[in-house]
Amino acid sequence: MTNDSISADATAAWPVPCSAVAARAGTRLDYGDRIDRVAVYIAAHLDEPLDLDRLAEVACFSPYHFHRVYRAITGETAAETLRRLRLHRAAGDLVRDSIAMPAIARRAGYGSVEAFTRAFGQSYGVTPAAYRKRGRLNPPVPATHQTEDSMHEVEIRDLPAHRIVGLPHTGPYMTIGVSFDRLYAWASKQGLIGPGTRSFAIYYDDPESVKPEALRSFAGLMLNLGVVEDGLIHVVDIPGGPHAVVRHQGPYAELGAVYRWLYGEWLPNSGHAPGDAPCYEEYLNNPRTLPPAEWLTEICVPLAG
């Protein structure tokens with residue numbers, strides 16, 4: 001396919017009114033159509049920086065959920081799609097044109113020939129120089145992606161809105177416990193912790209699309225008092241409405257596999273679309289007093305009404 005034909009296809013496929021998409025059932029076919037539009041859009045804009053919010057708009061998905069859905073359906077992140085398509089174009093440049101290697105490397109998004117050579121070799125199995133000498137286009141070495149075979153029970157619930165107080169957290173999601181420790185220390189000094197205290201965490205980003213150090217989340221508690229934001233403690237409202245809820249028993253480290261199944265298998269086949277709010281978790285028992293095998297977590301994904 002030529003660059004001209006890619007651009008023509010992209011023009012035909014976009015824009016599509018989001019209201020028209022939302023009116024259709026949220027089936028796997030519908031999800032596939034949305035993700036296909038994104039792939040076409042990326043292919044038509046290979047020389048532009050990747051704008052994840054724009055891609056979410058193209059797919060008519062909330063930015064809170066687009067990255068998870070895209071990765072679950074395609075088996076790669078949008079950044080990996082862009083990298084793969086740029087390398088594919090570079091392969092064509094190598095065999096069709098007498099473009100200098102540094103120029104091909106820059107066009108593929110690499111700052112040096114060495115970095116481009118490593119990336120190309122990982123994908124195509126040979127160096128760019130060997131590929132150019134061979135003089136023909138071969139498909140890249142197919143990547144293998146793990147699938148989640150386990151099934152989980154999903155319950156559709158109309159959840160109430162929650163107001164929680166807590167601490168914003170930036171960094172790997174597995175380190176949010178540090179923010180919870182600080183939050184519990186603060187609440188304990190205030191005499192606010194009791195047997196009915198509920199713990200929540202809001203997760204704003206897809207951990208496989210955003211660098212670990214840039215991930216945004218929020219560690220929160222539901223407390224029976226009015227708390228004024230003071231620069232340390234913040235107040236956040238969790239919207240109510242229909243949610244897909246999965247209860248998981250076991251270590252928190254296993255939750256990533258549940259998310260992959262939820263976004264990759266259940267959601268596209270459910271007839272539902274994600275709502276315009278981030279997913280969150282409620283921790284139903286105390287990890288400080290129970291072994292990891294007994295930890296209970298509910299994953300709550302908002303659904304479009």
Side-chain angles (χ1 to χ4, degrees), residues 16-42 52-81 145-159 173 200-210 215-217 238-250 252-282 297-305:
V16 174
C18 288
S19 58
V21 175
R24 296 158 53 190
T27 62
R28 175 170 288 277
L29 180 61
D30 176 37
Y31 276 58
D33 289 342
R34 300 195 203 190
I35 297 305
D36 181 66
R37 286 204 309 276
V38 173
V40 170
Y41 182 90
I42 293 173
L52 294 178
D53 288 339
R54 173 58 174 157
L55 296 185
E57 181 183 351
V58 169
C60 290
F61 276 124
S62 163
Y64 294 120
H65 306 283
F66 162 71
H67 314 303
R68 292 181 187 271
V69 171
Y70 184 90
R71 175 173 47 81
I73 290 179
T74 66
E76 62 185 4
T77 65
E80 289 168 340
T81 297
H145 302 285
Q146 291 183 337
T147 58
E148 304 300 331
D149 296 327
S150 56
M151 300 288 289
H152 306 273
E153 182 176 348
V154 180
E155 183 180 356
I156 306 298
R157 294 189 209 162
D158 192 11
L159 297 179
Y173 286 159
F200 297 83
I202 304 172
Y203 296 101
Y204 298 100
D205 300 308
D206 173 17
E208 296 193 40
S209 298
V210 177
L215 290 170
R216 300 167 301 142
S217 54
I238 299 176
H243 286 71
V245 181
V246 176
R247 178 173 291 196
H248 177 264
Q249 180 173 334
Y252 300 144
E254 298 176 357
L255 292 172
V258 182
Y259 277 97
R260 287 191 292 272
W261 173 85
L262 188 59
Y263 278 89
E265 297 296 330
W266 182 82
L267 193 57
N269 292 298
S270 68
H272 296 280
D276 190 21
C279 56
Y280 67 92
E281 296 172 4
E282 181 175 4
T297 306
E298 283 192 341
I299 298 173
C300 304
V301 177
L303 301 175

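Predicted model, so just to flag it, every value in this text is computed and none were measured.
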**Message:** Measuring only between side-chain heavy atoms, which start at C-beta, is Phe61 closer than 4.5 Å to Tyr70?
**Reply:** no
**Fill in**
To the nearest 0.5 Å, atom NE2 of His67 lies from atom CG of Asp53 at 6.5 Å
**Prompt:** Mind checking whether Leu267 and Leu262 have side chains closer than 4.5 Å, heavy atoms only?
**Reply:** no
**Message:** What I'd like to find out is whether the side chain of Pro63 reaches to under 4.5 Å of the side chain of Asp276, using heavy atoms alone.
**Reply:** yes
**Request:** Kindly indicate whether the side chain of Val38, heavy atoms from C-beta on, has any atom under 4.5 Å from the side chain of Phe66.
**Result:** yes
**Item:** Pairs flagged by salt bridge (charged side-chain N to carboxylate O under 4.0 Å, His left out) wherever residues 59-73 is involved - sequence neighbours left out
**Value:** Arg71-Asp206, Arg71-Glu208
**Prompt:** In Å, rounded to the nearest 0.5 Å, how long is the span from CD of Glu265 to OG of Ser270?
**Reply:** 11.5 Å
**Prompt:** What distance separates Thr81 OG1 from Ile42 CD1, expressed to the nearest 0.5 Å?
**Reply:** 5.0 Å
**Asked** Under a 4.5 Å cut-off applied to non-hydrogen side-chain atoms, are Ile156 and Leu303 in contact?
**Response** yes
**Item:** Charged N-O contact under 4.0 Å between Arg247 and Glu282
**Value:** no
**Item:** Short side-chain to backbone donor-acceptor contact, His65 and Ala277, under 3.5 Å
**Value:** yes
**Request:** Would you check if Trp266 and His152 make a side-chain contact, meaning some heavy-atom pair closer than 4.5 Å?
**Result:** no
**Item:** Atom pair OH (Tyr263) and SG (Cys279), whose distance is rounded to the nearest 0.5 Å
**Value:** 4.0 Å
**Prompt:** What's the spacing between Ile202 CD1 and Tyr64 OH if we round to 0.5 Å?
**Reply:** 9.5 Å
**Item:** Criterion ring pair (Phe, Tyr, Trp, His ring centres under 6.0 Å) on His243 and Tyr280, from CA distance to verdict
**Value:** CA-CA 10 Å; His243 286 71; Tyr280 67 92; 5.7 Å; yes
**Prompt:** Can you check whether Asp36 reaches Val40 side chain to side chain, under 4.5 Å on heavy atoms?
**Reply:** yes
**Prompt:** Would a line drawn from the ring center of Tyr173 to the ring center of Tyr252 be shorter than 6.0 Å?
**Reply:** no
**Message:** Within the structure provided, determine whether Arg34 and Val58 are in side-chain contact (heavy-atom separation under 4.5 Å).
**Reply:** no
**Message:** So which atom in His248 and which in Glu254 form the shortest heavy-atom distance, rounded to 0.1 Å?
**Reply:** NE2-OE1, 3.2 Å
**Message:** Assess the residue pair Thr297 and Glu281 against the criterion (side chain to side chain donor-acceptor pair (under 3.5 Å)); give the C-alpha distance rounded to whole Å, side-chain angles, the decisive distance to 0.1 Å, and a yes or no.
**Reply:** CA-CA 7 Å; Thr297 306; Glu281 296 172 4; 5.4 Å; no
**Prompt:** Roughly how far apart are Ile238 CD1 and Phe200 CZ, rounded to 0.5 Å?
**Reply:** 5.5 Å
